[in-house]
Amino acid sequence: MEAKQQLAQLSELHWAVRNDDVGKLTELLEQDRNLVNASDYDKRTPLHIAATHDCVSVAKVLLSEGAALNVKDRWGNSPRSEAESAGYKEMVKLLKDSGAEVHAGSPRGHAESLIQAPPPRPSNLDWEIDPNEIELETSELIGKGSFGEIRKTLWRGTPVAVKTIRPSLHNDRMVVKDFQHEVQLLVKVRHPNIVQFIGAVTRQKPLMLVTEYLAGGDLHELLQKKEALSPDRIVKYALDIARGMSYLHNRTKPIIHRDLKPRNIILDEDQELKVGDFGLSKLINVQHLHDVYKMTGETGSYRYMAPEVFEHNPYDKSVDVFSFAMMLYEMFEGLPPFDDKEAYEAATLVARDGLRPVMKATYPPGMENLIKRCWSSYTPKRPPFASIVEELEKMLEEMPAVPKDRLHLRDILHIRRTVHPQ
Ligand SMILES: Nc1ncnc2c1ncn2[C@@H]1O[C@H](COP(=O)(O)OP(=O)(O)OP(=O)(O)O)[C@@H](O)[C@H]1O
């Protein structure tokens with residue numbers, strides 16, 4: 001076998017072990033029994049990996065297939081010493097009962113294995129949903145995004161929205177235990193302007209995320225209806241979004257949305273707005289978001305994307321403030337930013353040429369200035385959501401009643417589709 005092919009097989013094997021994927025491991029071992037002790041550059045065998053990540057099921061398979069017990073990696077660690085330093089009791093017992101000796105391992109080895117240790121394992125997956133309780137056959141397809149399909153269905157009699165994660169994202173971009181760890185954090189997120197996370201299916205594939213179902217459609221659909229939105233309604237909507245985002249950004253562990261766009265803003269029956277799809281960029285460890293968009297043809301996010309995200313530069317919470325400004329613009333103008341351009345081209349103009357959409361609508365006092373600060377290229381100029389909320393509240397209080405006909409911009413005005421540098 002060619003070296004390149006061998007390497008690919010080895011990484012496939014280690015990946016299966018890392019994910020406690022017994023099926024895949026068995027399949028690979030059936031192809032080549034010698035793989036059971038195949039070690040990588042650091043002399044780490046599949047059993048080392050299973051021990052480091054507490055993957056008991058695959059460890060059992062490896063042991064039954066004759067995995068070497070007392071092998072040491074580059075730092076002198078054995079599978080048992082790895083399990084002991086991480087405190088994985090069941091794994092230690094399994095290895096001990098199989099005859100593994102104790103090895104101290106080198107201090108350097110310890111340090112490295114701690115750095116590479118997975119996030120703490122959720123002690124009780126009480127949010128884990130049994131897929132048999134989700135009525136997928138009778139479900140209604142309500143959307144398709146870059147990460148997967150979304151369906152309306154019932155869970156224990158309650159209407160829920162179920163997002164099924166694309167199988168291709170399971171294998172190469174997601175580590176199930178990290179995913180479980182993140183889900184555990186997301187179920188604790190509670191706010192009136194945030195779509196409530198209910199639970200997830202993480203122990204079986206396809207992986208699923210389950211949230212409350214909201215019956216009012218999304219902001220994109222609402223804007224497409226070409227109904228004029230009165231300024232006070234827009235400011236109220238903006239307040240809903242800003243409050244939800246302020247909550248996410250001000251948590252002890254802040255959550256950056258990174259994909260704020262009208263499709264991710266969902267309305268409930270009372271026309272209250274809720275931010276959905278948050279935490280997904282973290283849940284699904286998408287390092288190459290562009291590849292996912294390319295792969296799925298879902299490019300809608302680009303139009304609202306902060307330049308630093310588009311250009312793969314370091315970024316912070318203020319990327320959400322940028323996207324918020326683009327949505328505010330769309331609500332007032334009745335057209336998406338750079339409507340005459342493809343989404344990708346629009347993002348290129350924003351990032352490369354520093355362009356911003358032209359503002360033509362009637363904005364309440366202070367609003368134009370707020371939007372311009374929010375989409376500033378200089379990120380410290382973008383206000384945090386907590387102060388955006390204050391500004392919007394003040395604006396709402398002071399807003400004069402504007403005759404409605406001035407606001408039917410989409411229908412009344414012919415909006416020239418031009419762009420200008422800021
Ligand atoms: N909790 C929900 N309740 C009701 N409808 C929802 C809910 N979540 C999503 N939807 C609907 O499903 C559509 C698709 O959502 P989804 O998050 O999969 O895709 P997206 O946001 O367009 O894409 P991406 O995943 O690339 O961000 C939304 O636009 C919305 O209309």
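Both counts, for ligands and for their atoms, begin at 1 and track the order of listing. Just so it is clear, the values below take in all heavy atoms, side chains as well, and ignore hydrogens, waters and symmetry mates.
- Remark: Glu391 does not engage Lys394 in a salt bridge, criterion side-chain N to carboxylate O under 4.0 Å.
- Taking any N or O of Ser301, backbone or side chain, none lies under 3.5 Å from an N or O belonging to ligand 1.
- Counting only N and O atoms by type, the side chains of Asn77 and His48 include no donor and acceptor under 3.5 Å apart.
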Review item, side-chain donor-acceptor pairs of residues 235-246, under 3.5 Å, at least two apart:
{"residue": "Tyr237", "atom": "OH", "partner": "Arg233", "partner atom": "NE", "Å": "3.0"}
{"residue": "Tyr237", "atom": "OH", "partner": "Arg233", "partner atom": "NH2", "Å": "2.8"}
{"residue": "Tyr237", "atom": "OH", "partner": "Gln271", "partner atom": "OE1", "Å": "3.3"}
{"residue": "Asp240", "atom": "OD2", "partner": "Leu273", "partner atom": "N", "Å": "3.0"}
{"residue": "Arg243", "atom": "NH2", "partner": "Glu393", "partner atom": "OE2", "Å": "2.9"}
{"residue": "Ser246", "atom": "OG", "partner": "Asn250", "partner atom": "ND2", "Å": "3.2"}

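- Within the set Leu267, Ile142, Asp218, the minimum heavy-atom distance to atom 30 (C) of ligand 1 is found for Asp218.
- Every atom of ligand 1 is numbered from 1 in the order shown, and the set under 4.0 Å from a heavy atom of Asp277 is 17 (O), 21 (O), 24 (P), 25 (O), 27 (O).
- Listed by atom number, the atoms of ligand 1 under 4.0 Å from Thr211 heavy atoms are 1 (N).
- Between Thr379 and Glu308, the side chains place no donor N or O within less than 3.5 Å of an acceptor N or O (distance only, hydrogens not considered).
- For ligand 1, none of its N or O atoms has an N or O atom of Gly143 under 3.5 Å away.
- The pair Lys163-Asp277 meets the salt-bridge criterion, since a charged nitrogen lies less than 4.0 angstrom from a carboxylate oxygen.
- In this model, a donor atom of one side chain and an acceptor atom of the other lie less than 3.5 Å apart for Glu330 and Tyr304.
- Of the candidates Arg151, Arg263, Lys152, Arg258, the one placing a heavy atom closest to atom 22 (O) of ligand 1 is Arg263.
- Side-chain atoms of Asp259 and Ser301 include a donor-acceptor pair closer than 3.5 Å.
- Ligand 1 has no nitrogen or oxygen under 3.5 angstrom from a nitrogen or oxygen of Lys144.
- Only the side chain of Lys261 comes within contact range of ligand 1, with a heavy atom under 4.0 Å; no backbone atom does.
- Distances below 4.0 Å separate heavy atoms of Ile150 from the following atoms of ligand 1: 8 (N), 9 (C), 12 (O), 13 (C), 14 (C), 15 (O), 18 (O).
- Checked against the 6.0 Å centroid threshold, Tyr344 and Phe310 count as a close aromatic pair.
- Per-residue contacts place Lys163 under 4.0 angstrom from the following atoms of ligand 1 (heavy atoms of the residue considered): 16 (P), 17 (O), 18 (O), 25 (O).
- Here Glu149 has no heavy atoms under 4.0 Å from ligand 1, in either its backbone or its side chain.
- Every atom of ligand 1 with a heavy atom of Glu221 under 4.0 Å away is listed here by number and element: 31 (O).
- Nearest to atom 27 (O) of ligand 1 by heavy-atom distance, out of Leu214, Leu219, Asp259, is Asp259.
- Those atoms of ligand 1 that come under 4.0 Å of a heavy atom in Val195, given as number and element, are 1 (N).
- A donor-acceptor pair shorter than 3.5 Å can be found between the side chains of Arg258 and Tyr315.
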